[in-house]
Amino acid sequence: MLPNIPAAQTVIEIKAPGGPEMLMPAARPVPAPKAGEVLIRIAGAGVNRADCLQRMGRYPMPPGAPDIPGLECSGTVVKIGEGVSQWQLGDQVCALMIGDGYSEYAAAPAAQCLPVPAGISLVDAGGLPETFATVWTNVFDRMHLQAGEVFLVQGGTSGIGITAIQLAKAFGAKVLATAGTDEKCRACLDYGADVAINYRTQDFLKIGKEFTGGRGVDAILDMVGGNYIPPQLELLAREGRLCFVALMQGSKVEADFAPIQRKHLTVTGSTLRPRNVEEKAAIIAALKEKVWPLWASGKLRVFTHQRFPLVDAAGAHRLMESSRHIGKILLVP
Ligand SMILES: NC(=O)c1ccc[n+]([C@@H]2O[C@H](COP(=O)([O-])OP(=O)(O)OC[C@H]3O[C@@H](n4cnc5c(N)ncnc54)[C@H](OP(=O)(O)O)[C@@H]3O)[C@@H](O)[C@H]2O)c1
């Protein structure tokens, strides 16, 4: 039996652009699911770097996005909108969202929901959709990473990084990952990387060239940008691909483009949040078909670093901005 749905709920509002203290609990109505949506009673909601930028007023919000942050959640389907046939009341799902995850209840498009993977706790599943969708669409849809290729991921212990290490390994690539401490490097190896590079003490260009006998790597997933761009172009092998999911160290740099022409490189990138429901649904469908079966085979592990009560979203943001975390930070209503 599902419990009654209350009229009001606690959400986390951004009172004004600023620090983590701007994240404050507030009362809001529980939404009704529109056509094509389900209402989820949230068990866990992932915290993402984009939420910090949104809080600071530095995130270009897509039109129509709600003001409440939160790009993903997990929980129980408690109400079903018109035209939804793939989910039933009581189903346990995790969902990719355009916002509203920092809530007790949220409506999400039914097509952006996935079942909670076998053996994964309902709360932990709330940290899966955003990184898995991002890695899938960039590493596999855009860069077409193939078994046997060599793949470098920057920021190996970010939510994105650990997901990328695990998926690239699961699909047969050799993986190099960078991180800022030796402890983080050990975590990269533990999640399956073949080589971990402490970027504060080691040079990823040198190590990448050595690992490939001078040939270079086939694909790089980058979130750093800035002065990483020239050595990344240099490190790529012929037909190599470089894909940006963020440019944390800056988007303007002086770089020699000759390697792009000489080595037939592809430089690309993308954002997930502004995509429409159809595009997100296609990524979710691909994950369901090609990736979700891997959970049961033991090829993937969850990587929750810490859970915070929803009302302490500020504490969760402080931890994310300290960069001490390895893996996902979750909010639990
Ligand atoms: N485009 C998209 O659709 C999309 C979707 C989701 C996320 N993203 C982006 O992907 C990034 C990761 O997101 P997240 O939520 O997983 O964040 P996160 O867990 O906070 O990760 C950020 C990571 O960046 C690392 N880092 C910082 N400077 C670095 C450097 N110079 N070299 C290597 N690593 C460095 C930090 O690790 P160290 O302590 O090791 O430096 C940290 O692990 C964010 O920038 C986010 O905005 C983009």
Side-chain angles (χ1 to χ4, degrees), residues 20 45-56 58-60 62 65 69-72 96-98 101 126-139 141-143 152-167 176-188 191 193 196-205 207-208 220-229 231-232 235 243-251 253 268-275 279-280 283 303-306 316-331:
V47 174
N48 290 279
R49 201 43 86 146
D51 308 344
C52 302
L53 296 175
Q54 181 179 343
R55 191 204 70 224
M56 292 184 261
R58 287 176 36 205
Y59 189 92
L71 297 172
E72 57 185 346
L96 182 67
M97 301 154 92
I98 194 165
L128 301 178
E130 175 71 14
T131 66
F132 275 81
T134 301
V135 170
W136 185 262
T137 189
N138 287 290
V139 176
D141 283 343
R142 301 191 82 76
M143 291 202 286
L152 167 67
V153 56
Q154 308 284 7
T157 58
S158 63
I160 295 287
I162 295 177
T163 305
I165 291 171
Q166 295 200 81
L167 280 184
L176 288 73
T178 59
T181 66
D182 290 342
E183 186 200 2
K184 287 186 172 189
C185 284
R186 280 192 293 277
C188 291
Y191 281 105
I197 303 161
N198 183 337
Y199 67 81
R200 293 184 202 279
T201 56
Q202 295 174 296
D203 178 357
F204 69 79
L205 172 58
I207 293 176
I220 302 177
L221 185 67
D222 187 26
M223 57 183 74
V224 180
N227 62 11
Y228 272 30
I229 294 172
Q232 290 185 140
L235 176 57
C243 183
F244 298 102
V245 288
L247 293 133
M248 290 189 292
Q249 301 292 329
S251 57
V253 66
T268 182
S270 75
T271 53
L272 181 61
R273 192 182 199 172
R275 298 193 205 191
E279 285 180 85
K280 288 177 182 170
I283 299 169
F303 40 94
T304 302
H305 177 84
Q306 195 172 332
H317 276 216
R318 278 188 201 100
L319 175 59
M320 177 156 273
E321 285 170 353
S322 78
S323 268
R324 278 184 288 109
H325 62 294
I326 293 176
K328 290 295 294 195
I329 301 168
L330 297 181
L331 298 175

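These numbers were taken from a predicted model, which means no experiment stands behind them. Counting starts at 1 for both ligands and their atoms, following the listed order.
- At a heavy-atom cutoff of 4.0 Å, ligand 1 is contacted by the side chain of Val224 but not by its backbone.
- Minimum interatomic distance between Leu205 and Asp203 (heavy atoms only, all atoms of both residues): N-OD1, 3.0 Å.
- Each of the atoms 5 (C), 6 (C) of ligand 1 lies under 4.0 Å from some heavy atom of Glu130.
- Of the heavy atoms in Thr178, only side-chain atoms (C-beta onward) come closer than 4.0 Å to ligand 1.
- For atom 28 (N) of ligand 1, the closest heavy atom belonging to the protein is Tyr199 OH, 3.8 Å.
- Going from atom CE of Met320 over to atom CZ of Arg55 covers 11.0 Å, rounded to the nearest 0.5 Å.
- Looking at residues two or more places apart in sequence or on another chain, you find a ring-ring contact (aromatic ring centres under 6.0 Å, His included) between Phe132 and Trp292, Trp295.
- Summarising the geometry, atom CD1 belonging to Ile207 is positioned 4.0 Å from atom CD belonging to Gln202; distances are rounded to the nearest 0.5 Å.
- Atoms of ligand 1 found under 4.0 Å from any heavy atom of Gly180 (numbered from 1 in listed order, with element): 38 (P), 40 (O).
- Taking all heavy atoms of Gly155, Gly46, Ser270 into account, the minimum distance to atom 34 (N) of ligand 1 is reached by Gly155.
- Remark: minimum distance from atom 45 (O) of ligand 1 to any protein heavy atom is reached at Ala246 CB, 3.2 Å.
- With respect to atom 23 (C) of ligand 1, the closest heavy atom belonging to the protein is Ser158 CB, 3.7 Å.
- Between Cys188 and Ala196 the shortest heavy-atom distance is CB-CB, 4.0 Å.
- When only non-hydrogen protein atoms are considered, atom 13 (O) of ligand 1 lies nearest to Ile160 CG1, 3.7 Å.
- Ring geometry for Tyr228 against Phe204 counts as tilted: the plane angle lies between 30° and 60°, on a 0 to 90° scale.
- Atoms of ligand 1 lying under 4.0 Å from at least one heavy atom of Asn48, given by number and element, are 15 (O).
- Remark: Glu279 CD is packed, more than 12 non-hydrogen atoms of other residues, nucleotides or ligands lying under 6.0 Å away.
- Given atom 36 (C) of ligand 1, the protein heavy atom at minimum distance is Ser323 OG, 4.0 Å.
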Exercise. Begin from the C-alpha positions of Arg273 and Thr134 and carry the test side chain to side chain donor-acceptor pair (under 3.5 Å) through to its verdict.
Key: CA-CA 10 Å; Arg273 192 182 199 172; Thr134 301; over 6 Å; no
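- Using a 4.0 Å heavy-atom cutoff, His325 is listed among the residues neighbouring ligand 1.
- Of all the listed residues (Gln154, Met248, Arg200), Met248 holds the heavy atom that lies closest to atom 24 (O) of ligand 1.
- When each of Ile329, Leu71, Leu331 is tested with Asp51 by the rule side-chain contact (heavy atoms from CB on, under 4.5 Å), just one qualifies, namely Leu71.
- Taking Lys328 as the reference, Glu72 meet the salt bridge (charged side-chain N to carboxylate O under 4.0 Å, His left out) condition, with sequence neighbours excluded.
- Using a 4.0 Å cut-off between heavy atoms, Thr134 contacts ligand 1 through its side chain alone, with no backbone atom that close.
- Shortest contact from atom 39 (O) of ligand 1 to any protein heavy atom: Lys184 NZ, 2.5 Å.
- Of all the heavy atoms in Gly156 and Ala177, the pair that sits closest is CA-CB, 4.2 Å.
- In this structure, atom 15 (O) of ligand 1 lies nearest to the protein heavy atom Arg49 N, 3.1 Å.
- Annotation for ligand 1: atoms under 4.0 Å from non-hydrogen atoms of Gly159 are 16 (O), 19 (O).
- Residue Met223 touches ligand 1 through its side chain alone, judged by heavy-atom distances below 4.0 Å.
- Residue contact check for ligand 1: Phe244 places no non-hydrogen atom closer than 4.0 Å to it.
- For the pair Leu221 and Gln154, the minimum side-chain heavy-atom distance is 4.5 Å or more.
- Contact atoms of ligand 1 toward Val245: 1 (N), 2 (C), 4 (C), 8 (N), 9 (C), 10 (O), 48 (C) (distance under 4.0 Å to a heavy atom of the residue).
- At a threshold of 4.5 Å between non-hydrogen side-chain atoms, the residues Ile160 and Arg49 do not count as touching.
- At the top of the distance list for atom 32 (N) of ligand 1, counting protein heavy atoms only, stands Tyr228 OH, 2.8 Å.
- Close contacts of ligand 1 with Leu272, meaning ligand atoms under 4.0 Å from a residue heavy atom, involve 2 (C), 3 (O).
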